[in-house]
S.K.: 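Pasting a structure here, questions to come.
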Amino acid sequence: MKRFFLFLSCFLISNYIIAQNVQSESAGMTATADPVGKAPEIAIIPEPVSITKNEGYFVLPANVVIQSPAAAELKQVVAFLQERLSVPTGSFISNVNTHTPTANIKLILNDKANHQLGSEGYQLSITPNFITIKANKAAGLFYGAQSLIQLFPKEIESKEASTGTDWKAPCVEVTDYPRVGWRGLMFDVARHFFTKAEVKQYIDAMVRYKYNLLHLHLTDDEGWRIEIKGLPKLTEVGAWNVKKIGEFGNFIPPTADEPRNYGGFYTQEDIKELVQYAKERFVNILPEVDVPGHSLAAIASYPELSCTAGAETYRVRSGERIMDWSRGAPPIALLDNTLCPANEKVYAFLDTVITQIAQLFPFDYIHMGGDEAPINFWEKSDAIKALMQKEGLKNMHQVQGYFEKRVQKIVESKGKKFMGWDEILEGEMSPSAAVMSWRGTKYGIEASKKKHEVVMSPTTYAYLDYMQADAITEPKVYASLRLSKSYEFDPVPVGVDPKYIKGGQANLWTEQVYNIRQAEYMTWPRGMAIAESVWSPAEKKNWNNFFGKAEQHFKRLDIAETKYAPSVYDPIFTVSRSADKQLMIDLSTEVSGLDIYYSFDNSFPDRFYPKYTEPLMAPKDATTLKVITYKGKEAVGRMMSMPVDELSKRAPRR
Ligand code: ACM
């Protein structure tokens, strides 16, 4: 999500967009959950391919023996089980590498591959006497272990000893494997920097839901986050800006004397540590260097990378306005944040960067961005005009295409595959360029037809920076994406050639995300919905079942101390005008089984207040509608205070 200025200019200046958001929210409300009754005893997310429940339970003994092969890649699988099964329970967990008839938990790598399971599938069997997880590869055992933990009571997630819990798991037989191989989350560590420890925390949360790919957005206008040897200014200058807090995008431009000490970067040793940490948890890290647009941090460090005179005065962005999105994409840049496609120094610079990135990240792909590059400075540049003449380039799409092809060559010369955002398709790239489809799924569909590999990460379902409920409660972003809409994500949509779809991914841009707790809030529970969409068979997906499980996972995340958004419980406001232009306020909920209580008298409603049953008309002098949702006697939604004026603006009198 980078169209932040679109949001700011539209959101703050005009209420029209808010009205649009409200409409698009209601349009997304196709799914409704049944009243949530008794908590499901089995609540595995993502839903397994097949699960059979049998009679009885496995009761965790005080001394547990895990039998596993001695393979190095199983170290973390065993360590994970040891930690989860000992910290909260007080049980003593030992590990043996030889066949032990008395073992309580057996991790078995199949001698003869079970083709159905592939490289990430597993079979989990829980009987009253012992637990067996079988897989072809270590990754499958890890996912089996994740499912196993989800079958124990929620207190298993505790970081400290928990007393009074019956440590038992129901007897089941599970066969499970993923729908697609690329199950990604993108974490933007450029807009706001997140420490190595925070990235590890993010990885720990994502593997719970069987994600296997972390896309790190490492560079942008607001920061360059990776040490590159021989280019020291990238991290001396490019990693730092002025600390600003509030609504990012329209901050007052910093003055020259304000300290540029906000940000940070990963040393190459940090990157190696993160790559290893991820690998032990069966996660690949996809590095992204976003060029030619979004490159202000690089240009502030090395102004000669720009085509534009005066770039020496540029500074790393601190959230001040640098783009005008009022005419749509590409944006009009107020300063030139693009690398110059006509400058040979740019390709030498990228060669140095890509060489080191290729060595640091073992993953096959390097993502080179390519999105939202403004062209208004290129249009004025003599160097670009000369390049166009020399290369026979007819327009700015072709100029960017020339750049992308040269960058692709550099990436491939390092033995890696090139990937970019879907704008790269405009440059008529060869099918060897992989495409990440973000502007909906249509570019991914088009790319698959042209035989490009595709990862689907459409704004429509998978943009985790979007608001999860009404803007009156959520941190403001220009669009909304509710949980139920995320759950509709299909990484292999109709019209696509499935052969070319590598998988799906959700993206967390962090313009408005200032800390790791908020990163978690934005990721969960929508990350659960996307996880089920990329792992579970399409025919196994069921919103009611999913939401019932998600509610159980809210409790687990509480105990695990991972933040999540409760926005799904917040009511939806839909406004209209009666024939005589009276404001009519309709309240609904994303999930059924909830009651809404309200007040117009500025006091805080609870379940002894009027219950919403039909559209409301605000009393003539009322200024605020306060609402809260309950499930039975329990308040589940947040107290929402909605100005009546705001509702009135959303329903123009025409
Ligand atoms: C993007 O959201 N600009 C890829």
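Just so you know, ligand 1 is whichever comes first in the structure, and atom 1 is the first atom listed for that ligand.
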S.K.: Pick one of side chain, backbone, both or neither for how Glu372 approaches ligand 1, counting any non-hydrogen atom pair under 4.0 Å.
M.R.: side chain

S.K.: Run the numbers for me: atoms of ligand 1, each under 4.0 Å from some heavy atom of Tyr463, listed by number.
M.R.: 1 (C), 2 (O), 4 (C)

S.K.: Return a yes/no value for Trp421: is any of its N or O atoms, backbone included, closer than 3.5 angstrom to an N or O of ligand 1?
M.R.: no

S.K.: Would you say the side-chain atoms of Tyr314 and Asp221 include a donor-acceptor pair closer than 3.5 Å?
M.R.: no

S.K.: Distance alone, cut at 3.5 Å: any donor-acceptor contact between the side chains of His553 and Tyr564?
M.R.: no

S.K.: List every atom of ligand 1 that sits less than 4.0 Å from any heavy atom of Trp438, numbering the atoms from 1 in the order shown and giving each element.
M.R.: 1 (C), 2 (O), 3 (N), 4 (C)

S.K.: Looking at Tyr521, I'd like to know if the NZ or CZ of Arg517 sits under 6.0 Å from its six-membered ring centre while staying within 45 degrees of the ring's axis.
M.R.: no

S.K.: Establish, yes or no, whether a centroid distance under 6.0 Å links the rings of Trp421 and His215.
M.R.: yes

